[in-house]
Each structure stands twice: as structure tokens, then as C-alpha cells.
There are 2 protein chains.
Amino acid sequence: MPSAKSNPSEDVPTRILHEATRLFAARGFGGTSLSEISGAVGIRKPSLLYHFPSKEALRRSVLENMLSHWNEVVPRLLRAATSGEDQYDALLRETVSFFTADPDRARLLVREALDRPDEIGALVQRHVRPWAEVVCEHIRKGQARGHIHRDVDPEAYVGQMINLIVSSVATYACIGDVAPRGVSADEMRRRHILELCRVAKSSLFISSAAAERSRGVGEPKPASRTTTT
Amino acid sequence: MPSAKSNPSEDVPTRILHEATRLFAARGFGGTSLSEISGAVGIRKPSLLYHFPSKEALRRSVLENMLSHWNEVVPRLLRAATSGEDQYDALLRETVSFFTADPDRARLLVREALDRPDEIGALVQRHVRPWAEVVCEHIRKGQARGHIHRDVDPEAYVGQMINLIVSSVATYACIGDVAPRGVSADEMRRRHILELCRVAKSSLFISSAAAERSRGVGEPKPASRTTTT
DNA sequence: CCTACCGATCGGTAGG
DNA sequence: CCTACCGATCGGTAGG
């Protein structure tokens, strides 16, 4: 009996695409051989090359497949991208969820950004800039209305938040994990994502800081010292 | 005359190390051949293998070389890591400078984190966690004294900021560059780093938001609220 | 530091 | 979807 390693309920091209995505994300495009991929699917290398004419074609298909998933969630993202802190929280969580749902998406994106910066740069310009511009417009509106920090640089802010989300999922539990010994990896992942959302909101909304300060108990409020108002 | 491509004033092992660093950062460890490296140095492959017994040994030397540069700046970092917003700004800028001074450091770190997460995880635990813990302690002190947001998760916050710095240098001008057409790459890089520092501080210090609000227009606010220690 | 060479593996093709 | 095979290149060695 031949040992088919991947889900046999899917058709062969789909299984190739899935295994290639997994292996490209884990070892990189150059670090993965066609034999490894075909082996994971349970077929021989020439059979793989029947479905995808070259390794390069397979790479492109993997990227296109990820992009099609991204295009599925963009409408949800745009619906959440109205001004207001709660809607922004929803937008953040939707975006984080896209990558946590399959961390290979984040790893693949970072790898490709390092290997082929021009190609990924163009891809970002086409597929995320239009959506980022909507968010930037909401930020500018919020600044005019006084509930978003006036020194936010909208384009740079949105870029850094995208960068933060992608990279924290991609290199999670490695770069940036400075947790004390007692904390489990899952617990730390939860805390990292919570903190990511807090940082994103706290550095954007004025109301967030104000609400928090007004909540402040437990801390000996320096009411006697810096009082006033 | 043989065409030595790298700086001939350095000795050969050093030139090998530099070229290997550059190529590993640009194409990854698996994506770089020993012939490419030796060619960039201006020698033949077997000569390279005289100085470094294997490709794996060369990889480790490249990493160790980067670590030794890191260890050089750590004292400066610790000196800057006292409480207070200005000192924190200096700490951020020192850390950013370490990576912008040679962006290959950031690219190499991200690549290794993707290729060998366990190895880089252990490395981070040894070389950045002790320093991160100092920062965390300052954050907790600041929270007790009321000038740092109480809902900051110190370990997660520090981890995310490290992540943000490294990844924004590594994949700069690619992921996260959603700039409008008219802006030059250099100008956008400056804005990204400025915004990174703003986000880091604004999401940490209460005084930052207060000071900014006092600058604001169209916002009713507590007039003078200067927190000094 | 070099030339010459090793077995293994790479992406890809022929032909069925 | 397979077996058989291609030239090129890989990391590494022998020997000087």
C-alpha cells in the first residue's frame, strides 16, 4: 500500500497546493525540494510537474491561493473599518484572525518579503493599500474630530500595525518572546495578541487613555499632587 | 589579476564572514551556495572551507559575529533603560539604530527565526530577556507611580516592541509600506521609524497622551498636567 | 590558497 | 500517474 500522507479526500492539485504552502512556509521556497512536496502528497515528482509545470509556477499558485483567501475577508474588513474604537477593535481582530487562522500565511508573506521584496511590495500596493487608505481617511477624520491623537502619521501608523500583526504571528514564540519561565506558550500567545490590540488602540485613540485614567483605582492616584483640571 | 570583489584590506576570514552575512541575509542560508560566497570574496570554494570547516560552521560564525555586536551595545541600552519618557525614547532609538546601522542584522534574525525557531528562541532568552526584564521592572514601577498605563502587559509589550523594531527594519519598504505615490522611500523610512517610536511611547506613558492633548485644538482637556516624577 | 574530483540531490524531460 | 534518465549544481574531500 502506498502511503498517501495528505488528506486523500481532496483532489491532487489541491493537496499539492496545501503541502507546498506548508513546506514553503516552514523551510522557504529555496529550502524545499519538489521531491519533498510530492512525497508529502504521496506521489512522485514527475506527477507533481504534470499539475504544475515548474517549481516557479507552483510558487505563484501558492501565493495566488493565499491572496484569494485574503480577498474573501476584505469585505468584512471594510465593513469594520468605520470610525470608532469598538469598530476599530473589530477590524484589528479580523485582521489578526486572518493570519492566526493559518499562521503559514504570515510566515509565507514574511519569507517572500525577504526573498522578493519588489514582488511583495507590488502585491501589497495592489491588495492592501486601497483598504489601508480607507483606514487612513477614518484616522484623519478622527483627528479632525478630536478623538484620535493629532500626531499620528496615518500611513506610517497603518503600515506599522500591519507589519506588527504579520510579523508577530510569523515569528511568534521566538523573536519577542521574553516571557518568564512559568508561562505556557499558548497563554503567552494570547497575551501577545491582547497587547498588540491594546498598543494599536492606545496609540491611536485619545478616549482610550482618558477612559483608562478615569477607571484608575488601586493606584494611589496622585490626586493631592497634580490635581487641578 | 584576479578580481577580489570584497574589501582587500581585511583578512580573508573576515571578508568571508562579511560576504556570508550579506548573502545569508539577502537570500537565506539554504538559498546561498558556498560558491557564491567564495566568489564574492574572490577565492575558490575549497579555500573557503579551509577557513570555515563547513557551511554550518560558517552559519554559526555569522550568528556569533552578530551577537558580539549586540553585546557591545547592551551596556548603552541598560544605561538608557531608566524610567522616564526621554530615557525610554533614547532606549528605543539605540535599539532601532542597532538594526538600521546594518539592516542585515534584522533580516538575518527574522530568517533564522523562521528557519530555526528553537535555536533563535533560546538565543533571545539568553541575550535579550535579561535586558527585557529590566525594562519590564521599570514599567511596573511606572505603573505603580501612575505615569504608565495600568493595563500594559509588560512582558507582552516589550516583546511586541522588539518584534516591531526588528521586523520593520527587516521587511521595510515592502510589508507595511502603504505610502501614497509622491513619497520617496527614504522619507517614508524616516516616517515609519518616527511613528514606531510614537506608538511605543504613546501606548506606554500616560503623560504622553496628556501632554499631547494639552497641545490639541478643539478638545476640552485638563489644562496643565505635567507629571514630573 | 589552488586544481581536480566525489556522491548526492536538484529541477525538469522523455515516453508511456 | 509512473519509471528512467538528463545536465547542473550542491557541500565537501584529496592532495598538493
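Protein chains get the first letters and strands the later ones, always in sequence-line order, with residue 1 at the start of each. Values below: all heavy atoms of this structure, side chains included; hydrogens, waters and symmetry mates excluded. Keep in mind that what you see is a predicted model, and the values were worked out from it rather than measured.
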Practice task
Could you tell me whether B/E10 and B/R15 have a side-chain N and a carboxylate O separated by less than 4.0 Å?
Solution key: no
Practice task
Starting from P on D/dT3, measure out to OH on A/Y50 and report it in whole angstrom.
Solution key: 17 Å
Practice task
Quick one: label A/S38 by what it contacts on the DNA or RNA (base, sugar-phosphate, nothing), any heavy atom closer than 4.0 Å.
Solution key: nothing
Exercise for the section: Answer yes or no: side-chain N or O of B/K45 and base N or O of D/dG11 forming a donor-acceptor pair under 3.5 Å. Expected result: yes
Handout entry: Reported SG-to-CZ distance for the pair A/C136 and A/R129, which is rounded to 0.5 angstrom
Key = 9.5 Å
Exercise for the section: Might you confirm whether atom CZ of B/R189 has over 12 heavy atoms from other residues, nucleotides or ligands at distances under 6.0 Å? Expected result: no
Practice task
Identify whether any heavy atom of B/S47 sits under 4.0 Å from a base atom; if not, whether one sits that close to sugar-phosphate; answer base, sugar-phosphate or nothing.
Solution key: base
Practice task
Mind calculating the distance between CZ (A/R59) and P (C/dG12) to the nearest angstrom?
Solution key: 12 Å
Completion exercise
Stems of at least 3 consecutive Watson-Crick or G-U wobble pairs (donor-acceptor distances under 3.5 Å) involving DNA chain D, listed by first number, are C:1-16 with D:1-16
Handout entry: B/K55 to B/F29, cation-pi by 6.0 Å centre distance and 45° axis angle
Key = yes
Exercise for the section: Could you tell me the separation between the CD1 atom of A/I43 and the P atom of D/dT3, rounded to a whole number of Å? Expected result: 12 Å
For nucleotides 14-16 of chain C, tabulate all protein N/O to nucleotide N/O atom pairs closer than 3.5 Å, reporting atom names and distance.
none

Practice task
Specify the separation, in whole Å, of atom CD1 of A/I37 and atom P of C/dG11.
Solution key: 8 Å
Completion exercise
Here the distance between atom P of D/dT13 and atom CG of B/L48, to the nearest Å, is 13 Å
Problem - Phosphate contact (C/dC10 OP1 or OP2) by A/S33 side-chain N/O below 4.0 Å - result: yes
Practice task
Round to a whole Å and report the spacing from NZ of B/K55 to P of D/dC10.
Solution key: 9 Å
Problem - Residues in salt bridge (charged side-chain N to carboxylate O under 4.0 Å, His left out) contact with A/R116, at least two apart in sequence or another chain - result: A/E112
Exercise for the section: Write down the distance between CZ (A/F52) and P (C/dG11), rounded to a whole number of angstrom. Expected result: 15 Å
Completion exercise
Rounding to 0.5 Å, atoms CG (A/L92) and CG (A/L164) come to a distance of 9.5 Å
Fill in the blank from the handout: The reported gap from CG in A/L49 to OG in A/S38 (rounded to nearest 0.5 angstrom) is 8.5 Å
Problem - Between D/dG11 (C1') and B/R44 (CZ): distance, integer Å - result: 17 Å
Exercise for the section: Please say whether the positively charged group of B/R105, taken as NZ for Lys or CZ for Arg, lies over the ring of B/F98, i.e. under 6.0 angstrom from the six-membered ring centre and within 45 degrees of the axis. Expected result: yes
Exercise for the section: Verify the neighbour count for atom CZ of B/R140: are there more than 12 heavy atoms of other residues, nucleotides or ligands below 6.0 Å? Expected result: yes
